[in-house]
Enquirer: 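Below is one structure. I have some questions about it.
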Amino acid sequence: MGTAAVDLGDSAFLDARSRALARDGVLDGRYVLVDGELLKQAYSSGDADGLTVVVRPDHPGAGEEPSGRWVTRVPYERIALRVFFTTTARHRAGGLLELKARDGGMVRATWWRGDNADMAQTIPAGFLWEKNDDYHYGTVTWDELEDVAISVKRLPG
C-alpha cells in the first residue's frame, strides 16, 4: 500500500467508519480505506493492479454491473488500510445474529448454529435454513435487535 499507514484507533479511520456506517447501514465484510473513505470490496480478491470496490453512481470512474451495483477499481497504492467488519446483535427471541446488510427498513441477518449453542428455538420467525449448512437466514426489523456490536480486524496488505 502506497499511502500513509492508518491504525484502527486513528481519528481518520474512526471518522471514515462512522460515515460508512451511516451510508451502508451495516458494516459487514472487507472494506478498504481510500482517500479518507471506507469502501466495501466488491469481491474477496483482487488482481495485480488493485481491487474492485462498491461506490455511488456519481463516483468518478464508476461503472454499473449487471446486478445494478456500481463499482470502480482502486490501485493498491491508494489503499491506506484493509479491514474486515463483522456486526452482530441479539434478537429478541434470544439468538445471536450476524447482520449482513440494510434492506430498506429491515436488516438481512444470519443465525449460525455454532453461535447459538444449538438453541433452535432462538431462530427468528420466517428465517430459512440453508440446505447442507449450519445456518438460517432472513430479515428482521431493527427494533427486534439489541446489543449491536461492530468488530473490526485489520487485514494484511
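Worth saying up front: this structure is predicted, and the values here are computed from it rather than measured.
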Enquirer: Is the shortest heavy-atom distance from the side chain of Asp7 to the side chain of Arg154 under 4.5 Å?
Expert: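 Yes - at least one pair of side-chain heavy atoms lies under 4.5 Å apart.
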Enquirer: Got a second to check how far Phe127's CZ is from Leu97's CG, nearest 0.5 Å?
Expert: 5.0 Å
Enquirer: Taking atom types as modelled and ignoring hydrogens, do the side chains of Thr139 and Arg108 form a donor-acceptor contact shorter than 3.5 angstrom?
Expert: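 Judged by distance alone, the side chains do not pair up.
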Enquirer: Does the side chain of Leu155 come within less than 4.5 Å of Val83's, by heavy atoms?
Expert: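 No, every pair of side-chain atoms sits at 4.5 Å or beyond.
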Enquirer: Search all heavy atoms of Gly36 against all heavy atoms of Ala16 and return the closest pair with its distance.
Expert: O-CB, 3.4 Å
Enquirer: Tell me every residue that passes ring pair (Phe, Tyr, Trp, His ring centres under 6.0 Å) with Phe13, counting only those two or more places apart in sequence or in another chain.
Expert: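 Not a single residue meets the ring pair (Phe, Tyr, Trp, His ring centres under 6.0 Å) criterion with Phe13.
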Enquirer: For a 4.5 angstrom cut-off between non-hydrogen side-chain atoms, does Arg82 reach Tyr76?
Expert: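 A side-chain contact under 4.5 Å exists here.
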Enquirer: In the structure I gave you, are the side-chain heavy atoms of Val53 and Val32 within less than 4.5 Å of one another anywhere?
Expert: yes
Enquirer: In the single-linkage hydrophobic clustering (I, L, V, M, F, W, Y; side-chain heavy atoms under 4.5 Å), do Leu27 and Val6 co-cluster?
Expert: yes
Enquirer: Measuring from Phe85:CZ to Arg17:CZ, what's the distance to the nearest 0.5 Å?
Expert: 6.5 Å
Enquirer: Quick one: pull up CG in Asp143 and CE in Met106 and give me the separation to the nearest 0.5 Å.
Expert: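 Nearest 0.5 Å value for the CG-CE distance: 9.5 Å.
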Enquirer: Roughly how far, to the nearest 0.5 Å, is the OH atom of Tyr135 from the CH2 atom of Trp129?
Expert: 10.5 Å
Enquirer: Checking Glu98 against Asp28 for the side chain to side chain contact (heavy atoms under 4.5 Å, CB included) test, could you report, in this order, the C-alpha distance in whole Å, the side-chain angles of both residues, the deciding distance, and whether it holds?
Expert: CA-CA 9 Å; Glu98 184 177 330; Asp28 177 65; 3.7 Å; yes
Enquirer: Is the backbone N or O of Glu146 less than 3.5 Å from a side-chain atom of Arg92, with the two atoms forming a donor-acceptor pair by type?
Expert: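 Judged by distance alone, no pair lies under 3.5 Å.
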Enquirer: Would Val140 end up clustered with Ile123 when hydrophobic side chains under 4.5 Å apart are linked, directly or stepwise?
Expert: yes
Enquirer: With rounding to the nearest 0.5 Å, note down the distance linking CG in Leu51 to OG1 in Thr72.
Expert: 11.5 Å
Enquirer: Which heavy atom of Pro124 sits nearest to which heavy atom of Trp111, and what is that distance?
Expert: CD-CD1, 4.2 Å
Enquirer: I need the minimum non-hydrogen distance between Gly9 and Leu14, along with the two atoms involved.
Expert: O-CD1, 3.5 Å
Enquirer: On a heavy-atom basis, which atom in Leu96 and which in Asp115 lie closest, and how many Å separate them?
Expert: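 Closest approach of Leu96 to Asp115, heavy atoms only: CD2-CB, 4.1 Å.
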Enquirer: So which atom in Val148 and which in Ala89 form the shortest heavy-atom distance, rounded to 0.1 Å?
Expert: CG2-CB, 3.8 Å
Enquirer: Would you mind checking if Asp147 and Arg90 are paired as a salt bridge, meaning a charged N to carboxylate O distance below 4.0 Å?
Expert: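 No.
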Enquirer: Please report the interatomic distance NE2(His136) to CG(Asn116), rounded to the nearest 0.5 Å.
Expert: 10.5 Å
Enquirer: Do Val34 and Val71 share a hydrophobic cluster (ILVMFWY, side-chain heavy atoms under 4.5 Å, transitive)?
Expert: no
Enquirer: Any side-chain heavy atom of Leu39 within less than 4.5 Å of one from Val54?
Expert: no
Enquirer: For side chain to side chain contact (heavy atoms under 4.5 Å, CB included), just list the numbers for Leu8 and Leu81, CA-CA rounded to whole Å, side-chain angles, deciding distance to a tenth of an Å, and then say yes or no.
Expert: CA-CA 9 Å; Leu8 297 179; Leu81 182 67; 4.0 Å; yes
Enquirer: Looking only at heavy atoms, what is the nearest atom pair of Arg56 and Ala62, with distance?
Expert: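 Closest pair (atom of Arg56, atom of Ala62, distance): O-CB, 3.7 Å.
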Enquirer: Please tell me if the side chains of Leu99 and Leu145 come closer than 4.5 Å, counting only heavy atoms from C-beta onward.
Expert: yes
Enquirer: Is the backbone of Glu37 close enough, under 3.5 Å, to the side chain of Arg19 for a donor and an acceptor to pair up by distance?
Expert: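 Flag not set: sc Arg19 to bb Glu37 has no pair under 3.5 Å.
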